[in-house]
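Each remark here refers to the structure printed beneath this line.
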Amino acid sequence: MLETLASHLDAIAALAPAWGYFFIFVFMAVESSFIPFPSEVVMVPAGFLAARGELGSGSPAVCLSLAVFFGVLGSLAGAFANYYIALWVGKPFLEKYGRWFFVKPEPLARACEVFNEYGAATTFVCRLVPVIRQLISIPAGISRMPLGEFSLFTALGAGIWSAILAAAGFLLGRSAGDISYLELVSRGQEIAARHLPLVIFCAVALVAVYVVASKLVMRRRRAS
């Protein structure tokens with residue numbers, strides 16, 4: 001699938017100066033929904049084009065920031081779609097018919113298990129985990145997680161992931177010479193994969209601090 005998508009990036013990149021941010025938003029919305037679509041194909045080339053001044057007007061740093069911003073907006077749009085579909089149809093429907101909509105029972109069951117065991121903050125950490133990344137918004141919708149909390153955690157997780165991929169592409173745009181988009185995406189994936197364990201560790205640590213702080217605040221409120 002990666003090879004097929006990368007083969008079409010030449011045509012899309014030619015339109016990037018005028019339509020780049022729109023494409024980032026749309027493709028990241030698709031990636032964040034239940035439709036299988038690799039975010040690496042979107043954000044790595046976005047960072048690469050930003051570094052080479054081919055992603056609209058403005059300095060490379062501004063273009064990179066805008067690419068991440070629209071990547072997060074797209075991720076939120078796709079996550080909201082999952083959230084409201086799950087809230088509307090419910091878990092039994094998804095377990096029975098989800099496979100017809102790219103929602104396989106095993107990953108769905110795992111996403112629900114993780115969400116139920118570790119709580120709402122998993123919508124932040126799991127945005128960094130392959131496979132579960134797109135599905136974690138489904139148990140959030142099923143459980144009717146508060147929309148403000150869901151939006152915050154999703155935006156934080158999607159922002160970190162989008163920034164990692166875009167930064168990898170930006171680095172390659174500054175250091176690599178002529179390179180095919182397939183090689184660009186593959187090398188961007190490798191860079192992101194090397195740093196992902198540390199990022200996930202930091203994300204889990206942040207969640208742990210958040211949970212402990214929340215419990216302390218609740219205890220003080222009860223005591224008062």
Side-chain angles (χ1 to χ4, degrees), residues 24-40 42-43 68-95 98 101-166 192-193 195-218:
I24 291 170
F25 173 83
V26 171
F27 288 137
M28 288 301 289
V30 172
E31 184 273 340
S32 190
S33 71
F34 51 82
I35 300 172
F37 191 90
S39 53
E40 294 86 346
V42 183
M43 296 309 304
V68 174
F69 174 74
F70 281 98
V72 173
L73 286 185
S75 295
L76 280 172
F80 285 148
N82 277 4
Y83 178 95
Y84 282 109
I85 289 173
L87 187 151
W88 179 49
V89 303
K91 186 177 180 181
F93 179 91
L94 290 171
E95 289 177 332
F101 304 97
F102 306 106
V103 181
K104 296 181 180 179
E106 293 80 9
L108 175 61
R110 180 58 180 158
C112 291
E113 178 185 344
V114 170
F115 184 88
N116 293 332
E117 184 172 354
Y118 298 104
T122 55
T123 54
F124 165 53
V125 177
C126 287
R127 295 298 305 188
L128 305 171
V129 180
V131 181
I132 297 181
R133 179 186 306 127
Q134 292 89 346
L135 298 180
I136 197 62
S137 51
I138 292 179
I142 292 172
S143 65
R144 298 178 181 272
M145 178 180 175
L147 193 58
E149 193 176 20
F150 172 75
S151 302
L152 174 62
F153 285 139
T154 299
L156 287 174
I160 292 173
W161 180 241
S162 297
I164 291 173
L165 295 179
H195 294 86
L196 187 57
L198 176 61
V199 173
I200 292 177
F201 173 79
C202 293
V204 171
L206 285 174
V207 170
V209 171
Y210 168 80
V211 171
V212 172
S214 298
K215 289 182 178 179
L216 289 175
V217 170
M218 291 300 295

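- To the nearest 0.5 Å, atom SG of residue C112 and atom CD1 of residue I138 are 7.5 Å apart.
- Below 30°, between 30° and 60°, or above 60°: for F37 and F27 the angle between ring planes is below 30°, a parallel geometry.
- Atoms OG and CG, on S137 and L87 in that order, are 12.0 Å from each other to the nearest 0.5 Å.
- Closest approach of V89 and F93 over heavy atoms only: O-CB, 3.5 Å.
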Quiz prompt | Stepwise side chain to side chain contact (heavy atoms under 4.5 Å, CB included) test for L128 and I160 | solution = CA-CA 8 Å; L128 305 171; I160 292 173; 3.9 Å; yes
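- The distance from atom OG of S33 to atom CZ of F80, rounded to the nearest 0.5 Å, is 14.0 Å.
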Quiz prompt | Candidate pair F115 and I136, rule side chain to side chain contact (heavy atoms under 4.5 Å, CB included), full reasoning | solution = CA-CA 7 Å; F115 184 88; I136 197 62; 4.2 Å; yes
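- Taken from CG in N82 to CG in L94, the straight-line distance is 9.0 Å, to the nearest 0.5 Å.
- Legend: residues meeting side chain to side chain contact (heavy atoms under 4.5 Å, CB included) with S39, ordered by chain and number and at least two apart, are M28, E31, R133, W161, L165.
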Quiz item: Do V72 and F69 pass the side chain to side chain contact (heavy atoms under 4.5 Å, CB included) test, and can you show the C-alpha distance, the side-chain angles, and the key distance before you say yes or no?
Solution: CA-CA 5 Å; V72 173; F69 174 74; 5.9 Å; no
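- The closest donor-acceptor contact from the side chain of Y83 to the backbone of S151 lies at 3.5 Å or more, if one exists at all.
- Minimum heavy-atom separation, S32 to A79: OG-N, 3.4 Å.
- Atom OG of S75 is separated from atom CE of M43 by 8.0 Å, given to the nearest 0.5 angstrom.
- Rounded to the nearest 0.5 Å, atoms OG1 (T123) and CE (M145) are 3.5 Å apart.
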